[in-house]
Amino acid sequence: MKITKIISVIFWLVVSLHQSGAEDAQSSSPPTSLPGHLKPLASEAIRLPVSVIQDFPSPYEFFRSYVYPSVPVIIKQGARRSPAFQKWTDEYLKSLPESQQLIRVEMRKVEERQLPRMNMPFAEFLDRYQTTDEYLVARVPDFLKKDVLIPPSLHCTNVTANLLETMLWFSSGGTKSHVHTDYVDIINCLFRGQKDFLLVNYTRYRQQIVFDHPEGFYSSVDVERVDLNKFPELRNLEFHEAKMQAGDCIYLPFKWIHQVNSFGSNVAVNIWWNHQAYVVPSPQSCGMPDPGLSLADVSFPYHDQTNGDIQTDLHPELDFFRDPSATLTTFMDEEETDSLTEGQFLEFMDTIFPGLDQDDIWTAEALKVAHQIFQILDVDDDGKITSRDTSKFPVEINKFDPLSINLGQKMMILGDIIDGQISKQKQEILRKFEKDIPEDGNTPSRDHSSKFRGTRDQTSMPKQEL
């Protein structure tokens, strides 16, 4: 098959999902009568309530019931534990000498990732944010960390050792995020205002969802006026809805798609941790919760790095997706070969996907998707990847390019399949610990006299045990 034919086929497969006149396999309705067309996101969709619990569960129960099975949950009044809930008034924050430190400010409340950001003193932001179209998204400053307590569900040495970052969100309300997904697990605690989350289970819709910005895992759709002709992947989705009040926390599972709106003077803190770390809340790593454990007591190793650096470090597959030509060329140079067969390509995939080198991860479904990825990259369809193919790859993936979008979708699907298999293995390990867990779900007490607080010399679960 000729190169032009291959490119045209790929282009048709992807562009047909996005063009306004594209045929919709899931709906025979005329474009103008599509439910929710040119209306706010999910305005006419099925909305299921997110489960609500009254307190943070033990680490064992939290990971068993929510993290491993990928289930979002609201923890009512979970943020009230933290001193920040009472202390963080604008007046108090401006009174702190450290409020003169520079922070990063978004220049528009409706998220637009291409716009520049501005640095200004925290105190200056507090003086102006109520009357401007600005909001703060920044790492929690060191001088405020002591006011935010670590949720008891994360009080295990091999969990706190894999905390990544903590972010502060501060606005006068009216902020609207992109539809996006994150490559981390998140607990978001709201200290002021209201937040509404619209969530979509990525695993359920992974064959349907296509991000037109695969480099950032987000969609550029206007969430206030959703064009279902241009973004047909947003048709017929089942949403989960979470309405948070001040004092609540929410757990957002790894890779669940979400869109967030805020109302009223709004302050929240996110805690991110590495979903793909090979750790399990075992009796050896967990104990009775330490009521005083705060953000100031744990290590956040990526505090001085950008989000892109965090993702690249934790997810080497993202490097491949963002520059497949360079990554494949480097691998071929290391292997001293000028081409890759499909079998050799699978060996390459072992090196970039965390967990693929474990037993029972290469399922038939995973192999099928890997084969589709190989076909995308084998542009001239000769059964191997060579420099002739890599020279045809796009230089910039943040442009609307059919190869990039198709590759991004398939890589996300493969990553989700792999994560599902690894989560099953972690669940099996957790079941082995059940005999050591008391009926109340708490593990034996651990000495808190010296604040271990997430130091990274703690022993994590060996990979071979997975």
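Applying the side chain to side chain contact (heavy atoms under 4.5 Å, CB included) criterion to Gln427, with sequence neighbours excluded, gives Tyr68, Pro69, Lys424, Arg431. With sequence neighbours excluded, the residues that form a ring-ring contact (aromatic ring centres under 6.0 Å, His included) with Phe170 are Phe125, Tyr129. Applying the side chain to side chain contact (heavy atoms under 4.5 Å, CB included) rule to Thr132 yields the partners Arg128, Glu134; only residues at least two apart in sequence or on another chain are considered. With sequence neighbours excluded, the residues satisfying ring-ring contact (aromatic ring centres under 6.0 Å, His included) with Phe62 are Tyr251. For the ring-ring contact (aromatic ring centres under 6.0 Å, His included) test, residues two or more places apart in sequence or in another chain that qualify with Phe331 are Phe348.
Scanning all heavy atoms of the two residues, the minimum distance from Asn188 to Asn270 falls at ND2-OD1, 2.5 Å. When all heavy atoms of Gly36 and Leu228 are compared, the closest pair comes out as C-CD1, 3.8 Å. When every heavy atom of Gly173 is checked against every heavy atom of Ser171, the shortest pair comes out as N-OG, 3.0 Å. Across all non-hydrogen atoms, the minimal contact from Phe143 to Gln101 is CE2-OE1, 3.6 Å. Minimum heavy-atom separation, Leu430 to Phe63: CD2-C, 4.4 Å. Looking at every heavy atom in both residues, Gly408 comes nearest to Pro214 through CA-CB, 4.4 Å.
The distance from the CD atom of Glu342 to the CD1 atom of Ile385 is 8.5 Å, given to the nearest 0.5 Å. From Ile103, atom CD1 reaches atom CE of Met118 across 8.5 Å, with rounding to the nearest 0.5 Å. Expressed to the nearest 0.5 Å, how far CG of Leu328 lies from CG of Asp389 amounts to 9.5 Å. Within the model, atoms CG of Leu237 and CD of Gln208 stand 5.0 Å from one another, a figure rounded to the nearest 0.5 Å. Atom SG of Cys249 and atom CG of Leu190 lie 8.5 Å apart (nearest 0.5 Å). Atom OG1 in Thr175 sits 12.0 Å away from atom CG in Leu136 (nearest 0.5 Å).
Side-chain atoms of Thr390 come within 3.5 Å of backbone N or O of Ser387 as a donor-acceptor pair. Here the side chain of Gln421 pairs no donor or acceptor atom with the backbone of Ile361 at under 3.5 angstrom. Not a single donor-acceptor pair under 3.5 Å links the side chain of Asp227 to the backbone N or O of Val221. The backbone N or O of Lys176 sits nowhere less than 3.5 Å from a side-chain atom of Asn261 that would complete a donor-acceptor pair. The closest donor-acceptor contact from the side chain of Ser177 to the backbone of Gln259 lies at 3.5 Å or more, if one exists at all. Judged purely by atom type and a 3.5 angstrom limit, Ser285 has no side-chain atom pairing as donor or acceptor with the backbone of Pro281. Not one N or O on the side chain of Ser70 forms a donor-acceptor pair closer than 3.5 Å with the backbone of Pro253.
Between Trp169 and Asn266 the shortest side-chain heavy-atom distance does not fall below 4.5 Å. At least one side-chain heavy atom of Gln409 sits under 4.5 Å from a side-chain heavy atom of Asn406. Using a 4.5 Å cut-off on side-chain heavy atoms (C-beta onward), Met411 and Ile352 make contact. Side-chain contact check for Ile75 versus Val73: some heavy-atom pair is nearer than 4.5 Å. Ile150 has its side chain within reach of Leu163: a pair of non-hydrogen atoms, C-beta onward, lies under 4.5 Å apart. Between Thr181 and Met412 the shortest side-chain heavy-atom distance falls below 4.5 Å. Leu234 places none of its side-chain heavy atoms less than 4.5 Å from the side chain of Val200. Side-chain contact between Met349 and Leu414 is present, with heavy atoms from C-beta onward closer than 4.5 Å.
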Practice task
Determine, stepwise, if the pair Val140 / Phe300 fulfils side chain to side chain contact (heavy atoms under 4.5 Å, CB included).
Solution key: CA-CA 11 Å; Val140 177; Phe300 293 96; over 6 Å; no
Practice task
Start with the C-alpha distance between Leu295 and Ile271, add both sets of side-chain angles, then the distance that settles side chain to side chain contact (heavy atoms under 4.5 Å, CB included), and finish with yes or no.
Solution key: CA-CA 9 Å; Leu295 297 182; Ile271 297 175; 3.9 Å; yes
Practice task
Take Ile413 and Gln372 through the side chain to side chain contact (heavy atoms under 4.5 Å, CB included) test and state the conclusion after the steps.
Solution key: CA-CA 11 Å; Ile413 291 173; Gln372 294 169 344; over 6 Å; no
Practice task
Output, in order, the C-alpha distance, side-chain angles, deciding distance and verdict of side chain to side chain contact (heavy atoms under 4.5 Å, CB included) for Ile376 and Lys410.
Solution key: CA-CA 10 Å; Ile376 293 171; Lys410 297 302 181 185; 3.9 Å; yes
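For Arg117 and Glu106, the salt-bridge test passes: some basic side-chain N is under 4.0 Å from an acidic carboxylate O. Using a 4.0 Å cut-off between charged side-chain N and carboxylate O, Lys368 and Glu365 make no salt bridge. Of the charged side-chain nitrogens involved, at least one lies within less than 4.0 Å of a carboxylate oxygen, so that Arg388 and Asp382 count as a salt-bridged pair.
More than 12 heavy atoms of other shown residues, nucleotides or ligands fall within 6.0 angstrom of atom CH2 in Trp273. Within 6.0 Å of atom NZ in Lys384, 12 or fewer heavy atoms from other residues, nucleotides or ligands are found, so the atom counts as exposed in its surroundings. Around atom CZ of Arg225, no more than 12 heavy atoms belonging to other residues, nucleotides or ligands sit under 6.0 Å away. Counting heavy atoms of neighbouring residues, nucleotides and ligands inside a 6.0 Å radius, atom CD1 of Ile46 does not exceed 12 of them.
Lys109 and Ser172 share a donor-acceptor pair across their side chains, judged by distance under 3.5 Å alone.
With Phe263 as the aromatic partner, Lys195 does not meet the cation-pi criteria of under 6.0 angstrom to the ring centre and within 45 degrees of the ring axis.
Sorted by first and then second residue, the disulfide bond (SG atoms under 2.5 Å apart) pairs involving residues 191-223 (not counting sequence neighbours) form an empty list.
Here the rule is ring-ring contact (aromatic ring centres under 6.0 Å, His included) with His240, and of Trp256, Tyr205, Phe197 only Trp256 fits it.
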